Structures are given as C-alpha cells and as structure tokens.
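Notes follow once the structure below has been shown.
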Number of protein chains: 2
Amino acid sequence: MSKAAKQRRAPAERPKEILEAALALFVEKGFAATRLDDVAERAGLSKAAIYLYFEDKMALFQGVIRQAVISNFGTVEALAQAHRGPVTEILPRLLEFMASRIEDTPLPSIAKLVIGESRAFPEIGRFYLKEVIGRGLPLLEALIARGIAQGEFRAVDPGLTVRSLIGPMLLAGVWKTVFEPIGGERLDTRALARHHADLMLHALRAP
Amino acid sequence: MSKAAKQRRAPAERPKEILEAALALFVEKGFAATRLDDVAERAGLSKAAIYLYFEDKMALFQGVIRQAVISNFGTVEALAQAHRGPVTEILPRLLEFMASRIEDTPLPSIAKLVIGESRAFPEIGRFYLKEVIGRGLPLLEALIARGIAQGEFRAVDPGLTVRSLIGPMLLAGVWKTVFEPIGGERLDTRALARHHADLMLHALRAP
DNA sequence: CGTTTATAACTGACCGGTAAGTTAGTTATA
DNA sequence: TATAACTAACTTACCGGTCAGTTATAAACG
C-alpha cells in the first residue's frame with residue numbers, strides 16, 4: 001500500500017466511486033448543469049479517467065439511474081409478496097415503507113431527474129418505466145385484487161386504485177425535492193402516508 | 001398592409017408571440033436544451049429581437065411560466081368558491097375540472113418544467129409555490145374544513161387530506177408528460193379523477 | 001404631394017466563455 | 001520492461017449575449 005496517496009491498484013472499485021460522485025452531483029444540480037470535471041474531482045481522478053469507464057456523459061447518467069434504481073427496489077417486492085396476511089394490514093406498512101424511502105434515500109431525487117430529463121433522454125425514461133413502474137404497478141394491483149378476492153375490499157378497479165394509492169407519495173417526493181429546498185414548509189411524509197392509508201382503507205372497505 | 005411579409009407595426013403583440021414560441025419549445029425540449037435562435041425562428045424574428053423584449057433567457061422562462069400559470073388559474077378559484085352547495089357535490093367536479101386541465105392544456109408540462117428547473121432557478125420554484133400552491137392549497141383545505149363543519153365529513157386533517165386529494169392528479173400530469181410520450185400506455189385522467197373522487201368520498205363520509 | 005428626417009423595430013455577424021470529448025504522453029505496478 | 005491506470009493540455013462546437021448597422025414607418029417640412 002505504501003504512501004500511495006494517488007489511489008491506484010483498485011480499479012474494480014472505480015466505476016462505483018464515479019457513479020457515487022455523479023449521483024451526488026446530478027441530484028444536486030441536475031444533468032445539464034453537472035460538469036464532468038466536477039464529477040472527476042469528487043471521485044478523486046481526472047475527467048479523462050471517467051472516459052475509461054463510461055462511453056460518454058449520457059452513459060454515466062444511465063449508469064447512475066440504473067444503480068440507484070436496482071439498489072432501491074428489491075425490498076419493496078419482498079415486502080409486498082412475503083406478507084400473506086390480510087391486505088388491510090399490509091397497505092399501511094407499504095405506504096410507510098415508501099415514506100421512509102422518500103425521507104431517507106435519494107430515490108425522490110432520482111425520480112425528479114427522470115421526470116426532468118426523460119424528454120431529452122428517452123432511454124432513461126423507458127428504463128424507469130420498465131424497471132420501476134413496470135414491476136411496481138402490477139405488484140400493487142395484485143395486492144388490491146387480492147384484497148377484493150378475500151372480501152376485504154369492495155370491487156374497485158385495481159389499476160385506478162393503485163394510482164390513487166401512490167399519487168400522494170409521488171406528491172411527497174416532489175414536495176421534498178422541489179419545494180422544501182426553496183422555502184416550502186416541511187411536509188411530514190410519514191404522517192401523510194399514515195393518513196392516506198387510513199383514508200384508503202375507509203374508501204375500500206367492503207360494506 | 002401591402003405585401004409586408006416582414007411583419008412590422010404590431011409590436012404590442014410581439015412579447016406574446018415570443019412567449020408562445022418559447023412555451024412550445026421549453027415544453028418540448030426543456031429549458032437548457034432550448035436555443036434562443038430556435039425560439040426566434042419560431043416567433044418569426046431574430047434572436048437579437050428577443051432581447052428587445054426580455055432581459056435574458058431566464059426572464060423569458062419566467063415570463064412563460066407566469067403567463068401559463070395566471071392564464072390557467074383564476075377559474076379554479078371561481079369554481080371552488082362560487083359553489084355553496086354540499087362539498088360532497090363539489091369535490092368530484094373539482095377533480096374532473098383538474099383532469100380536464102391536465103388533458104387539454106399545457107399545464108402539466110409547465111409543472112414538469114418547474115419540477116425540473118427549480119433547483120437551477122429557485123425564483124421559478126418560488127413563484128410557482130406562491131402563486132399556484134399558496135393559493136390552491138388553502139382553497140382546498142377550506143373546502144375540506146367546510147365539509148367537516150357541515151357534518152358531511154368525518155374530522156380529518158384538512159392539510160393532509162388535500163394532499164391525498166390532489167396527489168393522483170399530480171401523478172396523472174407526470175404520467176401524461178413523462179411516460180406517455182415514450183411509450184407508456186395511455187392513462188384516462190378523467191376516469192382516474194372520477195374514481196379517486198369516489199374513493200375520497202367514501203373515505204371521508206361521516207359515520 | 002413629394003422629399004427629408006427622426007426613430008422604432010429589427011437583423012447579421014461576431015465575441016467570449018464553457019464544457020464535452022480526445023490524445024499524446026506519464027507514472028505506478030508486476 | 002511491459003502495460004494498465006491515469007492525466008494535462010488540447011480541440012471543437014455550441015450558444016447566450018452584444019453591437020453596429022439596416023429597414024420600415026411616421027412625422028415634419030417645403
């Protein structure tokens with residue numbers, strides 16, 4: 001190891017380090033406003049070195065999104081599928097789990113990036129559509145359908161109901177990333193999740 | 001009028017024309033990716049002429065947002081305040097009105113712009129926060145509070161309830177502007193509005 | 001009524017800063 | 001001494017913003 005301040009000999013970690021630095025900066029300043037020189041500095045190497053690991057800026061962005069998405073997703077699937085009890089009990093847990101993700105991880109910032117840049121980079125949007133929405137929605141729809149089948153819920157449209165369920169969580173994410181940083185008053189995402197779960201259970205309860 | 005293909009002598013209309021062109025391009029490509037030369041071409045004049053009417057690109061952006069917001073807002077206020085009947089009847093109308101705005105106006109695209117650019121241009125975000133959210137939220141909260149006072153609704157937190165109410169509409173706007181253009185399946189915003197209104201009324205109904 | 005003059009509206013060509021992407025060369029390790 | 005990892009310096013293209021000059025209109029004048 002010697003005194004090698006210039007970190008060498010660990011190139012396997014390099015892409016991850018670059019992705020981490022890029023995530024922080026993309027989240028902070030957006031895609032266009034993030035300079036590769038800054039990403040490089042933060043990752044502790046030169047801009048040219050980034051090009052050793054990523055084709056171009058776009059590929060780096062894609063990598064960041066991919067990394068953040070896959071690392072933050074498996075758990076939801078587990079949570080929703082493992083639980084075999086009454087849906088009435090799962091729903092509040094699920095919403096509170098989402099709230100914790102919104103409060104404690106960069107997930108909402110990622111979503112904001114996707115929202116803002118997917119017109120310019122449709123591949124990003126399609127990736128998110130496929131990997132997050134395409135996996136998450138069916139999961140939740142199945143849950144609602146199960147609630148109906150088990151006689152807990154009235155017979156509503158599962159697709160629309162899922163939108164009603166997660167809409168406020170999207171709102172919370174947008175609020176946290178867009179309006180709180182510029183002086184909007186703090187929103188208690190977990191309280192919203194609990195409250196919304198309560199509303200939804202009242203709304204869905206079979207007569 | 002003669003054959004003056006070069007339009008002159010109507011400078012009062014010019015700012016509006018420029019704003020219209022800019023709106024279309026900002027909505028299509030985002031702020032950073034929109035070239036002033038393109039705005040100029042679309043508005044039928046030269047880039048330099050834009051600077052006769054707007055301080056800089058940022059002021060133009062601000063003008064676009066301001067224009068779109070004020071032209072699309074007064075009606076909501078009217079709708080919510082004029083109606084003196086039971087809140088139970090107003091709520092579905094209100095949601096369906098929002099749905100029509102989302103489907104038939106560039107409002108969701110504006111919102112998307114604000115979401116995407118407010119980190120880089122906090123003034124934009126604050127303007128939206130003040131003019132749209134600062135006016136819309138209290139209006140809706142008062143409506144919920146009235147529903148409670150009139151004995152139609154159970155005693156819920158009006159602030160959180162309003163978030164539950166409009167969350168799905170935000171979701172619809174995001175879906176329309178972000179995911180439909182890149183191959184996401186069409187979402188029937190009005191159906192969602194009706195369905196969500198139904199859920200909310202069930203959720204809020206006093207026992 | 002034609003001609004000059006004043007000026008508002010507008011433009012083409014340019015400037016300067018910026019940042020993505022490249023390359024030729026350097027350094028550390030095996 | 002071979003080579004993988006890395007970098008400083010460069011090239012290139014773009015685009016926001018400016019400015020000196022041009023054109024269309026209207027007012028002033030003879």
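The basis for the numbers below is simple: all heavy atoms, side chains too, and nothing from hydrogens, waters or symmetry mates. Quick caveat: nothing in here was measured; it's all calculated off a predicted structure. Numbers restart at 1 for each chain; the letters A, B, ... are given by sequence-line order, proteins then strands.
Here the P atom of nucleotide dT11(D) and the NZ atom of Lys47(A) are 14 Å apart, to the nearest Å. Between the C1' atom of dC15(D) and the CG atom of Leu60(B) lies a distance of 15 Å, rounded to the nearest Å.
For the side-chain contact (heavy atoms from CB on, under 4.5 Å) with Phe54(A), the lone residue among Val39(A), Val64(A), Leu60(A), Leu36(A) that qualifies is Leu60(A).
Applying the salt bridge (Lys or Arg N to Asp or Glu O under 4.0 Å) criterion to Glu96(A), with sequence neighbours excluded, gives Arg194(A).
Listed nucleotides dA20(C), dC6(D), dC10(C) differ in distance to Leu52(B); the shortest reach to its side chain belongs to dC10(C). Looking at the side chain of Arg14(A), the nearest of the listed nucleotides dC6(D), dG12(C), dA20(C) is dC6(D). Comparing dA8(D), dC6(D), dG16(D) against the side chain of Lys57(B) picks out dG16(D) as the nearest. Residue Tyr51(B) places its side chain closer to dT18(D) than to any other of dT18(D), dG21(C), dT7(D).
Of the nucleotides present, dT1(D) is the one that pairs with dA30(C) by Watson-Crick or G-U wobble criteria, both distances under 3.5 Å.
Residues of residues 18-35 of chain B having a heavy atom closer than 4.0 Å to DNA chain D, listed by number: Thr34(B), Arg35(B).
Residues Ser46(B) and Ala48(A) each lie close to DNA chain C; by heavy-atom proximity, the contact nearer the 5' end of the strand is made by Ser46(B).
Checked for salt-bridge contact, Arg163(B) and Glu141(B) meet the test: a charged N lies under 4.0 Å from a carboxylate O. Residues Glu131(B) and Arg135(B) are paired through a salt bridge, judged by an N-O separation under 4.0 Å between the basic side chain and the carboxylate. Between Glu123(B) and Arg126(B) there is no salt bridge, since none of the side-chain N atoms of the basic residue sits less than 4.0 Å from a carboxylate O of the acidic one.
Between Phe26(B) and Phe31(B), the ring-plane angle classifies as tilted under the 30° and 60° cut-offs.
In terms of phosphate contacts, Tyr53(A) brings a side-chain nitrogen or oxygen within less than 4.0 Å of OP1 or OP2 of dC6(D).
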